[in-house]
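Structure first, then comments.
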2 protein chains.
Amino acid sequence: MKTRDMVIHASLELFNEHGERTITTNHIAAHLGISPGNLYYHFANKQDIIQEIFSLFEKHINENIKPSEEKEFHAGSMMAYLDAAFVALWKFRFFYVNLHDILLKDDQLKKRYLKLQQSTTHSISQILQQMVNAGLLCIPAEDVERLADTIRILMGSWIGHKLVQSNQKEIKPSELFDGVSRMILIIKPYATEASSAMFSQMESRYQSLIAEDGAALNAI
Amino acid sequence: MKTRDMVIHASLELFNEHGERTITTNHIAAHLGISPGNLYYHFANKQDIIQEIFSLFEKHINENIKPSEEKEFHAGSMMAYLDAAFVALWKFRFFYVNLHDILLKDDQLKKRYLKLQQSTTHSISQILQQMVNAGLLCIPAEDVERLADTIRILMGSWIGHKLVQSNQKEIKPSELFDGVSRMILIIKPYATEASSAMFSQMESRYQSLIAEDGAALNAI
(Lines give C-alpha, C1' and ligand atoms only; values in the text may rest on other atoms or scores of the structure.)
Protein backbone atom coordinates (compact mmCIF):
# COMPACT_ATOMS: atom_id res chain seq x y z
CA MET A 1 0.00 0.00 0.00
CA LYS A 2 1.28 3.48 -0.83
CA THR A 3 2.17 5.77 2.09
CA ARG A 4 -0.65 8.11 1.12
CA ASP A 5 -3.27 5.34 1.32
CA MET A 6 -1.71 3.96 4.50
CA VAL A 7 -2.13 7.38 6.14
CA ILE A 8 -5.76 7.59 5.08
CA HIS A 9 -6.64 4.13 6.39
CA ALA A 10 -4.68 4.46 9.63
CA SER A 11 -6.31 7.85 10.28
CA LEU A 12 -9.80 6.45 9.73
CA GLU A 13 -9.03 3.66 12.18
CA LEU A 14 -7.59 6.01 14.82
CA PHE A 15 -10.42 8.56 14.44
CA ASN A 16 -13.01 5.80 14.85
CA GLU A 17 -11.30 4.31 17.89
CA HIS A 18 -10.24 7.43 19.77
CA GLY A 19 -12.36 10.23 18.28
CA GLU A 20 -11.25 12.70 15.64
CA ARG A 21 -10.70 15.49 18.19
CA THR A 22 -7.99 13.68 20.14
CA ILE A 23 -5.93 12.42 17.20
CA THR A 24 -3.27 14.69 15.72
CA THR A 25 -1.12 14.21 12.61
CA ASN A 26 1.74 13.34 15.00
CA HIS A 27 -0.28 10.46 16.45
CA ILE A 28 -0.98 9.21 12.94
CA ALA A 29 2.67 9.37 11.90
CA ALA A 30 3.77 7.63 15.12
CA HIS A 31 1.15 4.91 14.65
CA LEU A 32 2.54 4.19 11.17
CA GLY A 33 6.16 4.53 12.25
CA ILE A 34 6.81 7.30 9.73
CA SER A 35 8.19 10.79 10.35
CA PRO A 36 5.77 13.76 10.59
CA GLY A 37 7.72 15.19 7.64
CA ASN A 38 6.85 12.17 5.53
CA LEU A 39 3.16 12.61 6.43
CA TYR A 40 3.31 16.32 5.56
CA TYR A 41 4.84 15.43 2.22
CA HIS A 42 1.48 13.84 1.34
CA PHE A 43 -1.03 15.94 3.30
CA ALA A 44 -1.10 19.65 4.18
CA ASN A 45 -2.93 19.03 7.46
CA LYS A 46 -5.45 16.83 9.28
CA GLN A 47 -8.36 18.44 7.44
CA ASP A 48 -6.76 17.32 4.20
CA ILE A 49 -6.80 13.70 5.44
CA ILE A 50 -10.43 14.06 6.55
CA GLN A 51 -11.33 15.25 3.04
CA GLU A 52 -9.78 12.08 1.59
CA ILE A 53 -11.67 9.89 4.09
CA PHE A 54 -14.82 11.70 3.05
CA SER A 55 -14.12 10.62 -0.54
CA LEU A 56 -14.16 6.99 0.63
CA PHE A 57 -17.43 7.70 2.42
CA GLU A 58 -18.97 9.22 -0.73
CA LYS A 59 -17.76 6.25 -2.75
CA HIS A 60 -19.32 3.79 -0.31
CA ILE A 61 -22.66 5.61 -0.35
CA ASN A 62 -22.74 6.22 -4.10
CA GLU A 63 -21.83 2.64 -4.95
CA ASN A 64 -24.06 0.89 -2.44
CA ILE A 65 -27.08 3.14 -1.91
CA LYS A 66 -28.14 3.46 -5.53
CA PRO A 67 -31.20 2.03 -7.24
CA SER A 68 -30.56 -1.42 -8.63
CA GLU A 69 -30.53 -1.75 -12.39
CA GLU A 70 -32.10 -5.16 -12.25
CA LYS A 71 -35.71 -5.22 -13.29
CA GLU A 72 -36.84 -7.41 -10.42
CA PHE A 73 -36.58 -6.22 -6.86
CA HIS A 74 -35.56 -9.01 -4.47
CA ALA A 75 -35.58 -9.25 -0.69
CA GLY A 76 -31.83 -9.59 -1.09
CA SER A 77 -31.55 -6.13 -2.66
CA MET A 78 -33.32 -4.56 0.29
CA MET A 79 -30.97 -6.28 2.73
CA ALA A 80 -27.96 -5.19 0.71
CA TYR A 81 -29.09 -1.57 1.12
CA LEU A 82 -29.63 -1.97 4.84
CA ASP A 83 -26.23 -3.63 5.25
CA ALA A 84 -24.61 -0.80 3.30
CA ALA A 85 -26.27 1.71 5.63
CA PHE A 86 -24.88 -0.20 8.58
CA VAL A 87 -21.38 -0.32 7.09
CA ALA A 88 -21.48 3.45 6.43
CA LEU A 89 -22.42 4.07 10.07
CA TRP A 90 -19.80 1.65 11.40
CA LYS A 91 -16.87 2.27 9.09
CA PHE A 92 -17.15 6.05 9.20
CA ARG A 93 -18.56 6.38 12.71
CA PHE A 94 -16.20 9.18 13.76
CA PHE A 95 -17.93 11.51 11.27
CA TYR A 96 -21.30 11.04 12.95
CA VAL A 97 -19.88 11.56 16.46
CA ASN A 98 -19.10 15.24 15.93
CA LEU A 99 -20.26 15.98 12.43
CA HIS A 100 -21.27 19.51 13.33
CA ASP A 101 -17.76 20.41 14.56
CA ILE A 102 -16.01 18.75 11.63
CA LEU A 103 -18.17 20.58 9.08
CA LEU A 104 -17.93 23.90 10.92
CA LYS A 105 -14.18 23.96 10.32
CA ASP A 106 -14.34 23.21 6.61
CA ASP A 107 -16.67 24.95 4.17
CA GLN A 108 -15.67 22.80 1.24
CA LEU A 109 -16.37 19.59 3.17
CA LYS A 110 -19.71 20.98 4.27
CA LYS A 111 -20.70 21.62 0.65
CA ARG A 112 -19.73 18.06 -0.26
CA TYR A 113 -21.65 16.74 2.73
CA LEU A 114 -24.83 18.62 1.84
CA LYS A 115 -24.57 17.45 -1.77
CA LEU A 116 -24.14 13.85 -0.63
CA GLN A 117 -27.18 14.20 1.65
CA GLN A 118 -29.28 15.39 -1.28
CA SER A 119 -28.16 12.63 -3.61
CA THR A 120 -28.67 10.02 -0.87
CA THR A 121 -32.24 11.18 -0.26
CA HIS A 122 -32.79 11.04 -4.02
CA SER A 123 -31.39 7.48 -4.21
CA ILE A 124 -33.49 6.29 -1.28
CA SER A 125 -36.57 7.83 -2.96
CA GLN A 126 -35.80 5.94 -6.15
CA ILE A 127 -35.29 2.67 -4.27
CA LEU A 128 -38.60 3.12 -2.44
CA GLN A 129 -40.28 3.94 -5.76
CA GLN A 130 -38.82 0.76 -7.32
CA MET A 131 -40.30 -1.21 -4.44
CA VAL A 132 -43.65 0.51 -5.02
CA ASN A 133 -43.43 -0.35 -8.74
CA ALA A 134 -42.60 -3.95 -7.87
CA GLY A 135 -45.74 -4.15 -5.73
CA LEU A 136 -43.75 -4.57 -2.51
CA LEU A 137 -44.71 -1.25 -0.92
CA CYS A 138 -47.77 0.93 -1.11
CA ILE A 139 -46.67 4.52 -0.41
CA PRO A 140 -48.71 7.54 -1.56
CA ALA A 141 -46.66 9.17 -4.35
CA GLU A 142 -46.51 12.51 -2.54
CA ASP A 143 -44.90 10.90 0.53
CA VAL A 144 -42.05 8.95 -1.09
CA GLU A 145 -39.45 11.71 -0.95
CA ARG A 146 -40.31 12.92 2.56
CA LEU A 147 -40.20 9.33 3.78
CA ALA A 148 -36.78 8.84 2.15
CA ASP A 149 -35.55 12.07 3.71
CA THR A 150 -36.88 11.09 7.16
CA ILE A 151 -35.09 7.74 6.98
CA ARG A 152 -31.83 9.44 6.04
CA ILE A 153 -32.16 11.98 8.86
CA LEU A 154 -32.87 9.26 11.41
CA MET A 155 -29.79 7.32 10.31
CA GLY A 156 -27.57 10.41 10.27
CA SER A 157 -28.64 11.35 13.80
CA TRP A 158 -28.47 7.84 15.21
CA ILE A 159 -24.91 7.73 16.54
CA GLY A 160 -25.14 11.19 18.08
CA HIS A 161 -28.35 10.18 19.79
CA LYS A 162 -26.91 6.91 21.11
CA LEU A 163 -23.80 8.62 22.49
CA VAL A 164 -25.87 11.23 24.34
CA GLN A 165 -27.89 8.40 25.83
CA SER A 166 -25.03 6.23 26.99
CA ASN A 167 -22.09 6.98 29.21
CA GLN A 168 -19.69 5.52 26.67
CA LYS A 169 -17.58 7.35 24.15
CA GLU A 170 -17.85 4.47 21.73
CA ILE A 171 -20.75 2.98 19.89
CA LYS A 172 -21.46 -0.75 19.79
CA PRO A 173 -22.32 -2.63 16.59
CA SER A 174 -25.61 -3.77 18.16
CA GLU A 175 -26.61 -0.14 18.67
CA LEU A 176 -26.02 0.50 14.97
CA PHE A 177 -27.98 -2.58 13.93
CA ASP A 178 -30.78 -1.26 16.13
CA GLY A 179 -30.66 1.92 14.03
CA VAL A 180 -30.93 -0.11 10.83
CA SER A 181 -33.88 -2.03 12.29
CA ARG A 182 -35.65 1.34 12.82
CA MET A 183 -35.44 1.92 9.06
CA ILE A 184 -37.33 -1.33 8.59
CA LEU A 185 -39.82 -0.25 11.26
CA ILE A 186 -40.60 2.96 9.36
CA ILE A 187 -40.94 1.28 5.95
CA LYS A 188 -42.75 -1.87 7.13
CA PRO A 189 -46.25 -0.40 7.54
CA TYR A 190 -46.21 0.24 3.79
CA ALA A 191 -45.50 -3.44 3.04
CA THR A 192 -47.99 -5.14 0.78
CA GLU A 193 -49.14 -8.74 1.18
CA ALA A 194 -46.52 -9.69 -1.37
CA SER A 195 -43.71 -8.37 0.81
CA SER A 196 -44.85 -8.97 4.38
CA ALA A 197 -42.88 -12.24 4.59
CA MET A 198 -39.78 -10.43 3.27
CA PHE A 199 -40.12 -7.79 5.98
CA SER A 200 -40.55 -10.42 8.74
CA GLN A 201 -37.44 -12.15 7.46
CA MET A 202 -35.44 -8.91 7.49
CA GLU A 203 -36.64 -8.05 10.99
CA SER A 204 -35.56 -11.45 12.34
CA ARG A 205 -32.20 -11.08 10.67
CA TYR A 206 -31.50 -7.70 12.26
CA GLN A 207 -32.83 -8.86 15.62
CA SER A 208 -30.25 -11.72 15.53
CA LEU A 209 -27.51 -9.32 14.47
CA ILE A 210 -28.41 -7.05 17.41
CA ALA A 211 -28.26 -10.04 19.77
CA GLU A 212 -24.89 -11.20 18.44
CA ASP A 213 -23.39 -7.71 18.58
CA GLY A 214 -19.68 -7.72 17.67
CA ALA A 215 -19.70 -11.19 16.19
CA ALA A 216 -22.19 -9.99 13.62
CA LEU A 217 -19.66 -7.67 12.03
CA ASN A 218 -18.04 -10.60 10.28
CA ALA A 219 -21.33 -11.48 8.65
CA ILE A 220 -21.49 -8.19 6.73
CA MET B 1 -42.05 38.48 39.10
CA LYS B 2 -39.43 37.48 41.66
CA THR B 3 -35.76 38.08 40.77
CA ARG B 4 -35.13 34.34 40.77
CA ASP B 5 -37.85 33.70 38.18
CA MET B 6 -36.81 36.74 36.16
CA VAL B 7 -33.28 35.32 35.91
CA ILE B 8 -34.58 31.93 34.76
CA HIS B 9 -36.81 33.42 32.06
CA ALA B 10 -34.27 35.96 30.83
CA SER B 11 -31.62 33.23 30.64
CA LEU B 12 -33.88 30.96 28.62
CA GLU B 13 -34.56 33.82 26.21
CA LEU B 14 -30.87 34.74 25.86
CA PHE B 15 -29.74 31.11 25.48
CA ASN B 16 -32.33 30.56 22.75
CA GLU B 17 -31.41 33.74 20.89
CA HIS B 18 -27.63 33.70 21.17
CA GLY B 19 -26.76 30.11 22.09
CA GLU B 20 -25.98 28.84 25.57
CA ARG B 21 -22.22 28.81 24.95
CA THR B 22 -21.90 32.55 24.36
CA ILE B 23 -24.05 33.76 27.27
CA THR B 24 -22.42 34.24 30.68
CA THR B 25 -23.99 35.08 34.03
CA ASN B 26 -22.67 38.63 33.50
CA HIS B 27 -24.66 38.94 30.27
CA ILE B 28 -27.75 37.75 32.08
CA ALA B 29 -27.30 40.21 34.96
CA ALA B 30 -26.64 43.09 32.52
CA HIS B 31 -29.70 42.16 30.46
CA LEU B 32 -31.87 42.38 33.60
CA GLY B 33 -30.14 45.49 34.93
CA ILE B 34 -29.18 43.74 38.14
CA SER B 35 -25.71 43.33 39.69
CA PRO B 36 -23.80 40.05 39.21
CA GLY B 37 -23.81 39.83 43.03
CA ASN B 38 -27.61 39.88 43.07
CA LEU B 39 -27.67 37.06 40.48
CA TYR B 40 -25.17 35.04 42.53
CA TYR B 41 -27.36 35.51 45.60
CA HIS B 42 -29.92 33.31 43.80
CA PHE B 43 -27.77 30.96 41.68
CA ALA B 44 -24.36 29.41 42.31
CA ASN B 45 -23.46 29.42 38.60
CA LYS B 46 -24.81 29.14 35.05
CA GLN B 47 -25.26 25.38 35.37
CA ASP B 48 -27.56 26.05 38.31
CA ILE B 49 -29.75 28.25 36.07
CA ILE B 50 -29.75 25.58 33.34
CA GLN B 51 -30.98 23.03 35.90
CA GLU B 52 -33.91 25.33 36.72
CA ILE B 53 -34.72 25.78 33.03
CA PHE B 54 -34.63 22.00 32.70
CA SER B 55 -37.30 21.83 35.41
CA LEU B 56 -39.54 24.01 33.22
CA PHE B 57 -38.80 21.69 30.30
CA GLU B 58 -39.72 18.59 32.36
CA LYS B 59 -42.90 20.31 33.50
CA HIS B 60 -43.88 21.13 29.91
CA ILE B 61 -43.28 17.55 28.73
CA ASN B 62 -44.88 15.87 31.73
CA GLU B 63 -47.98 18.05 31.61
CA ASN B 64 -48.52 18.03 27.85
CA ILE B 65 -47.19 14.71 26.56
CA LYS B 66 -49.20 12.45 28.82
CA PRO B 67 -52.02 10.08 27.90
CA SER B 68 -55.38 11.81 28.09
CA GLU B 69 -57.73 10.64 30.81
CA GLU B 70 -60.76 11.13 28.61
CA LYS B 71 -62.30 7.91 27.38
CA GLU B 72 -62.69 9.08 23.80
CA PHE B 73 -59.69 10.00 21.70
CA HIS B 74 -60.34 13.03 19.50
CA ALA B 75 -58.42 14.48 16.55
CA GLY B 76 -58.02 17.49 18.84
CA SER B 77 -56.07 15.45 21.38
CA MET B 78 -53.61 14.31 18.74
CA MET B 79 -53.06 17.90 17.60
CA ALA B 80 -52.58 19.03 21.18
CA TYR B 81 -49.75 16.49 21.53
CA LEU B 82 -48.12 17.59 18.28
CA ASP B 83 -48.39 21.24 19.27
CA ALA B 84 -46.83 20.45 22.64
CA ALA B 85 -43.94 18.72 20.85
CA PHE B 86 -43.48 21.82 18.71
CA VAL B 87 -43.56 24.13 21.74
CA ALA B 88 -40.95 21.98 23.51
CA LEU B 89 -38.67 22.23 20.48
CA TRP B 90 -39.20 25.94 20.07
CA LYS B 91 -39.27 27.17 23.66
CA PHE B 92 -36.28 25.12 24.78
CA ARG B 93 -34.41 25.08 21.48
CA PHE B 94 -31.03 25.96 22.99
CA PHE B 95 -30.98 22.55 24.73
CA TYR B 96 -31.24 20.70 21.42
CA VAL B 97 -28.53 22.81 19.76
CA ASN B 98 -25.70 21.46 21.90
CA LEU B 99 -27.34 18.90 24.13
CA HIS B 100 -24.28 16.69 24.15
CA ASP B 101 -22.03 19.46 25.49
CA ILE B 102 -24.55 20.63 28.07
CA LEU B 103 -25.04 17.11 29.44
CA LEU B 104 -21.32 16.31 29.38
CA LYS B 105 -20.71 19.08 31.90
CA ASP B 106 -23.38 18.01 34.35
CA ASP B 107 -23.92 14.42 35.50
CA GLN B 108 -27.00 15.25 37.50
CA LEU B 109 -28.66 16.94 34.52
CA LYS B 110 -27.77 13.99 32.32
CA LYS B 111 -29.52 11.62 34.73
CA ARG B 112 -32.60 13.83 34.71
CA TYR B 113 -32.48 14.01 30.91
CA LEU B 114 -32.26 10.23 30.48
CA LYS B 115 -35.10 9.75 32.95
CA LEU B 116 -37.23 12.25 31.05
CA GLN B 117 -36.44 10.47 27.76
CA GLN B 118 -37.63 7.18 29.22
CA SER B 119 -40.83 8.59 30.62
CA THR B 120 -41.52 10.43 27.34
CA THR B 121 -41.14 7.22 25.32
CA HIS B 122 -43.47 5.55 27.81
CA SER B 123 -46.06 8.33 27.46
CA ILE B 124 -45.90 8.29 23.65
CA SER B 125 -46.35 4.49 23.76
CA GLN B 126 -49.43 4.89 25.92
CA ILE B 127 -50.86 7.56 23.63
CA LEU B 128 -50.31 5.35 20.57
CA GLN B 129 -51.91 2.44 22.44
CA GLN B 130 -54.93 4.61 23.30
CA MET B 131 -55.28 5.41 19.60
CA VAL B 132 -55.05 1.69 18.80
CA ASN B 133 -57.73 0.96 21.41
CA ALA B 134 -59.92 3.71 19.95
CA GLY B 135 -59.65 2.07 16.53
CA LEU B 136 -57.73 5.00 15.04
CA LEU B 137 -54.43 3.17 14.49
CA CYS B 138 -53.56 -0.41 13.72
CA ILE B 139 -50.04 -1.03 15.09
CA PRO B 140 -48.76 -4.54 15.89
CA ALA B 141 -48.51 -4.72 19.71
CA GLU B 142 -44.80 -5.58 19.61
CA ASP B 143 -43.99 -2.43 17.60
CA VAL B 144 -45.75 0.21 19.72
CA GLU B 145 -42.86 0.99 22.04
CA ARG B 146 -40.14 0.97 19.35
CA LEU B 147 -42.30 3.25 17.21
CA ALA B 148 -42.76 5.62 20.16
CA ASP B 149 -39.03 5.58 20.82
CA THR B 150 -38.22 6.21 17.14
CA ILE B 151 -40.55 9.22 17.07
CA ARG B 152 -38.93 10.65 20.19
CA ILE B 153 -35.42 10.14 18.79
CA LEU B 154 -36.35 11.82 15.52
CA MET B 155 -37.75 14.84 17.36
CA GLY B 156 -34.77 15.07 19.72
CA SER B 157 -32.32 15.01 16.80
CA TRP B 158 -34.29 17.37 14.59
CA ILE B 159 -32.76 20.73 15.53
CA GLY B 160 -29.20 19.39 15.47
CA HIS B 161 -29.86 17.95 12.03
CA LYS B 162 -31.37 21.17 10.69
CA LEU B 163 -28.48 23.28 11.98
CA VAL B 164 -25.89 21.02 10.36
CA GLN B 165 -27.83 21.34 7.12
CA SER B 166 -28.21 25.09 7.07
CA ASN B 167 -25.66 27.83 7.30
CA GLN B 168 -27.64 29.54 10.00
CA LYS B 169 -27.06 29.45 13.71
CA GLU B 170 -30.76 29.80 14.36
CA ILE B 171 -33.66 27.57 13.62
CA LYS B 172 -36.89 28.81 12.00
CA PRO B 173 -40.36 27.90 13.26
CA SER B 174 -41.20 26.42 9.84
CA GLU B 175 -38.28 24.01 10.18
CA LEU B 176 -39.66 22.85 13.51
CA PHE B 177 -43.18 22.44 12.13
CA ASP B 178 -41.60 20.34 9.39
CA GLY B 179 -40.19 18.11 12.15
CA VAL B 180 -43.64 17.77 13.69
CA SER B 181 -45.08 16.88 10.28
CA ARG B 182 -42.55 14.00 10.08
CA MET B 183 -44.10 12.55 13.24
CA ILE B 184 -47.42 12.48 11.40
CA LEU B 185 -45.69 10.91 8.38
CA ILE B 186 -44.38 8.04 10.54
CA ILE B 187 -47.68 7.40 12.31
CA LYS B 188 -49.97 7.90 9.29
CA PRO B 189 -49.43 4.53 7.57
CA TYR B 190 -51.01 2.92 10.65
CA ALA B 191 -54.17 5.04 10.30
CA THR B 192 -57.39 3.08 10.02
CA GLU B 193 -60.31 4.09 7.80
CA ALA B 194 -61.84 5.72 10.85
CA SER B 195 -58.90 8.10 11.22
CA SER B 196 -57.67 8.75 7.69
CA ALA B 197 -59.68 12.00 7.49
CA MET B 198 -58.21 13.09 10.84
CA PHE B 199 -54.69 12.50 9.54
CA SER B 200 -55.36 14.43 6.31
CA GLN B 201 -56.71 17.30 8.39
CA MET B 202 -53.60 17.29 10.60
CA GLU B 203 -51.27 17.18 7.62
CA SER B 204 -52.97 20.19 6.00
CA ARG B 205 -52.79 22.09 9.25
CA TYR B 206 -49.03 21.56 9.63
CA GLN B 207 -48.43 22.28 5.97
CA SER B 208 -50.11 25.68 6.44
CA LEU B 209 -48.13 26.29 9.61
CA ILE B 210 -44.92 25.53 7.69
CA ALA B 211 -45.96 27.96 4.94
CA GLU B 212 -46.81 30.73 7.40
CA ASP B 213 -43.59 30.27 9.38
CA GLY B 214 -43.20 32.85 12.15
CA ALA B 215 -46.77 34.05 12.00
CA ALA B 216 -47.86 30.57 12.97
CA LEU B 217 -46.30 30.87 16.40
CA ASN B 218 -49.21 32.96 17.58
CA ALA B 219 -51.61 30.18 16.64
CA ILE B 220 -50.09 27.77 19.18
Side-chain angles (χ1 to χ4, degrees), chain A residues 95-104 107 109-111 113-115 117-118 121 137-140 142-167 169 178-179 181-191 196 199-200 203 207 210, chain B residues 95-104 107 109-111 113-115 117-118 121 137-140 142-167 169 178-179 181-191 196 199-200 203 207 210:
Chain A
F95 271 132
Y96 298 103
V97 173
N98 54 338
L99 189 61
H100 193 63
D101 290 341
I102 293 174
L103 298 180
L104 212 64
D107 265 355
L109 192 67
K110 182 156 181 175
K111 276 183 196 142
Y113 174 77
L114 295 180
K115 204 177 155 195
Q117 275 204 331
Q118 272 195 327
T121 290
L137 294 177
C138 183
I139 310 176
E142 68 272 22
D143 288 343
V144 171
E145 198 175 329
R146 278 172 76 230
L147 186 66
D149 189 53
T150 306
I151 290 168
R152 185 188 53 70
I153 293 169
L154 188 67
M155 282 303 99
S157 311
W158 190 259
I159 290 184
H161 156 71
K162 279 289 171 190
L163 289 179
V164 165
Q165 248 195 346
S166 73
N167 282 316
K169 283 191 177 174
D178 186 23
S181 82
R182 305 295 175 112
M183 291 168 73
I184 302 176
L185 184 73
I186 293 179
I187 303 171
K188 193 180 63 167
Y190 296 102
S196 64
F199 275 94
S200 301
E203 285 203 304
Q207 289 308 321
I210 292 169
Chain B
F95 271 130
Y96 299 102
V97 172
N98 54 340
L99 189 59
H100 193 62
D101 290 341
I102 292 175
L103 298 182
L104 213 63
D107 266 355
L109 192 67
K110 182 155 180 175
K111 277 184 196 141
Y113 174 76
L114 295 180
K115 202 176 155 195
Q117 275 203 332
Q118 272 197 329
T121 291
L137 295 178
C138 183
I139 310 176
E142 67 272 22
D143 288 343
V144 170
E145 197 173 333
R146 278 172 76 229
L147 186 67
D149 189 53
T150 307
I151 290 168
R152 186 188 52 71
I153 292 169
L154 188 68
M155 282 304 99
S157 311
W158 191 259
I159 289 184
H161 157 72
K162 279 289 170 191
L163 290 178
V164 165
Q165 249 195 344
S166 72
N167 282 314
K169 283 193 179 174
D178 186 21
S181 82
R182 304 295 176 110
M183 291 170 72
I184 302 176
L185 184 73
I186 292 179
I187 303 171
K188 192 181 63 167
Y190 296 102
S196 65
F199 275 94
S200 302
E203 285 203 303
Q207 289 308 321
I210 293 168

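Below, read A as the first sequence line, B as the second, and so on, with proteins coming before strands; counting in each chain starts at 1.
If you take CD1 on B:Ile186 and CZ on A:Arg146, they are separated by 10.0 Å, rounding to the nearest 0.5 Å.
Between chain B and the options A:Pro140, A:Ser181, A:Gly160, the largest number of non-hydrogen pairs under 4.5 Å is found for A:Ser181. Residue with the most contacts toward chain B among A:Cys138, A:Ser157, A:Gly156: A:Ser157 (heavy-atom pairs, distance under 4.5 Å).
For a residue to count as touching a neighbouring chain, one of its non-hydrogen atoms must lie under 4.5 Å from one of that chain's; by this rule B:Gln165 touches chain A with backbone and side chain alike. For B:Glu203, the part sitting under 4.5 Å from any heavy atom of chain A is the side chain, from C-beta outward, and nothing else. For B:Leu114, the part lying near chain A is the side chain, with the backbone staying farther off; criterion is any non-hydrogen pair under 4.5 Å.
Taking B:Arg182 as the reference, A:Asp149, B:Asp178 meet the salt bridge (Lys or Arg N to Asp or Glu O under 4.0 Å) condition, with sequence neighbours excluded. A search for side-chain hydrogen bond (donor to acceptor under 3.5 Å, both in side chains) contacts involving B:Asp107 returns nothing, not counting sequence neighbours.
Looking at every heavy atom in both residues, B:Ile153 comes nearest to A:Trp158 through CD1-CZ3, 3.6 Å. In plain terms, the two heavy atoms of A:His100 and B:Val164 that are nearest each other are ND1-CG2, 3.3 Å.
No more than 12 heavy-atom neighbours from other residues, nucleotides or ligands sit within 6.0 angstrom of CD on B:Glu145. Other residues, nucleotides and ligands contribute more than 12 heavy atoms inside 6.0 Å of the CD atom of B:Gln207.
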